[in-house]
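I have placed the structure first, in the form of structure tokens, so that the comments after it can refer back to it.
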Amino acid sequence: MKQWEKNIRQVTPYIPGEQPKMEQVVKLNTNECPYPPSPMVAQAVAKMDCGKFRLYPDPEVSELVGAIAEYEKVPTERVFVGVGSDDVLGMAFLTFFNDTKPVLMADVTYSFYDVWANLFHIPFETVPLNEQLEIEPEDYFKENGGVVFPNPNAPTAIAMPLSSVEKIIENNQDVVVIVDEAYIDFGGQSALRLTEKYDNLLVVRTFSKSRAMAGMRIGYAVGSEKLICAMKAVKFSYNSYTMNQAAIEAGVAAIRDDDYFKKIVGKIVETREQAKKKLTELGFSVTDSKTNFLFATHQTMAAEAIFEQLKERNIFVRYFKKERIDNYLRITIGTEKEMEILYDALREILS
Ligand SMILES: *Cc1c(COP(=O)(O)O)cnc(C)c1O
């Protein structure tokens, strides 16, 4: 080994779901939206003045921050935007988790949290979900250096009532509590209004799922002015221009078209409820999903085998070879047509 090689940072990266290169696949593995973004986005992109690309974008991202602030009915000083919520969450970890006491996170949760904790040398402790794979608020009442959880949780798809979320915050007022609301638009109760009551609460949202914009990479956080100000200071110490001009303009168009947003979310929720019934009929147990995906385990056939056989048929779902959840599949809700293809394939595989 050469001397410089010894100085290479050793990390275990997050593994995103596969993005198959071939066409003609049924892609239900990364919780993307099966519908295109609002037609207003296409219009904004078509009208885009590429001459502007010559210039650096606005480092404050005022236009998009303004549109989000207006939508969420909060002052612009309480909004932070980033390159997807992964960027926002990473910045939040870097900004707020600096204690020697461990940050608390669930044992079964979004698998990027422990990756950032390791990258930033943040001590953390995993808190087991209960037998029903739910977060128990009381388990987060012990001493810690911060708390982070998604609501609804991923990949379990289970939402916590707002009263339970508030219990966790109430009992953790000496640290920053991050609530990752990547899937909140599909039926959970948002903690966003609680940011007015608790200045240590950060609520993180994304355009990737319910706004059909995963490819544009837009996420945001709402919190007290103090929290947002601290995040901006860290961001401007690292990279001032994270949001590109095209994403800013597309994002503004997307958030302004609330009717379209409600329409596609409603459609996905409808397909999800239908999918719960269909999978149950096929012998699966599914959790009570409040997201755009189902978390399902089959009574007789192993999840990994089903995963492999679906893949042979060019149907991609997500399988995590991880303790406690290695007999579950995470299935993104697709279009009705895609779901029919899935049901047919499952019927074949399971017969
Ligand atoms: C998808 C997801 C994210 C990240 O989404 P971005 O595309 O980076 O906005 C964050 N948290 C959870 C729980 C997710 O499922």
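Numbering of ligands and ligand atoms starts at 1, following listing order.
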Within reach of ligand 1, part of Asp180 (heavy-atom separation under 4.0 Å):
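Side chain only; the backbone of Asp180 stays clear of ligand 1.
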Interatomic spacing from CG in Leu55 to OH in Tyr241 - rounded to 0.5 Å
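It is 10.0 Å, given to the nearest 0.5 Å.
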Identify the protein heavy atom lying closest to [atom], giving its residue, its atom name and the separation to 0.1 Å.
atom	answer
atom 5 (O) of ligand 1	Ser85 OG, 3.2 Å
atom 8 (O) of ligand 1	Arg217 NH2, 2.8 Å
atom 1 (C) of ligand 1	Lys209 NZ, 1.2 Å

For ligand 1, which atoms sit closer than 4.0 Å to a heavy atom of Gly84?
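What qualifies from ligand 1 is 8 (O), 9 (O).
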Report yes if some N/O of Tyr113 lies less than 3.5 Å from some N/O of ligand 1; otherwise report no.
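In fact, backbone or side chain, Tyr113 has no N or O that close.
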For the rings on Phe293 and Tyr183, is their centre-to-centre separation under 6.0 Å?
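Here the rings of Tyr183 and Phe293 have centres that are less than 6.0 Å from each other.
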Could you tell me whether Glu72 and Arg78 make a salt bridge, using a distance below 4.0 angstrom between a side-chain N and a carboxylate O?
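Salt bridge: no.
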Could you check if a side-chain atom of Phe93 sits within less than 4.5 angstrom of a side-chain atom of Phe112, using non-hydrogen atoms only?
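No. Closest side-chain heavy atoms not under 4.5 Å.
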Test item: Ile268 and Pro34 side chains (from C-beta on) under 4.5 Å apart, heavy atoms
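They are in side-chain contact.
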Looking at ligand 1, does Tyr183 have a heavy atom less than 4.0 Å from it?
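Judged by the 4.0 Å heavy-atom criterion, Tyr183 does count as contacting ligand 1.
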Does Val74 share a hydrophobic cluster with Leu162, counting links as ILVMFWY side-chain heavy atoms below 4.5 Å and allowing steps through other members?
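Same cluster: Val74 reaches Leu162 through Ile, Leu, Val, Met, Phe, Trp or Tyr contacts under 4.5 Å.
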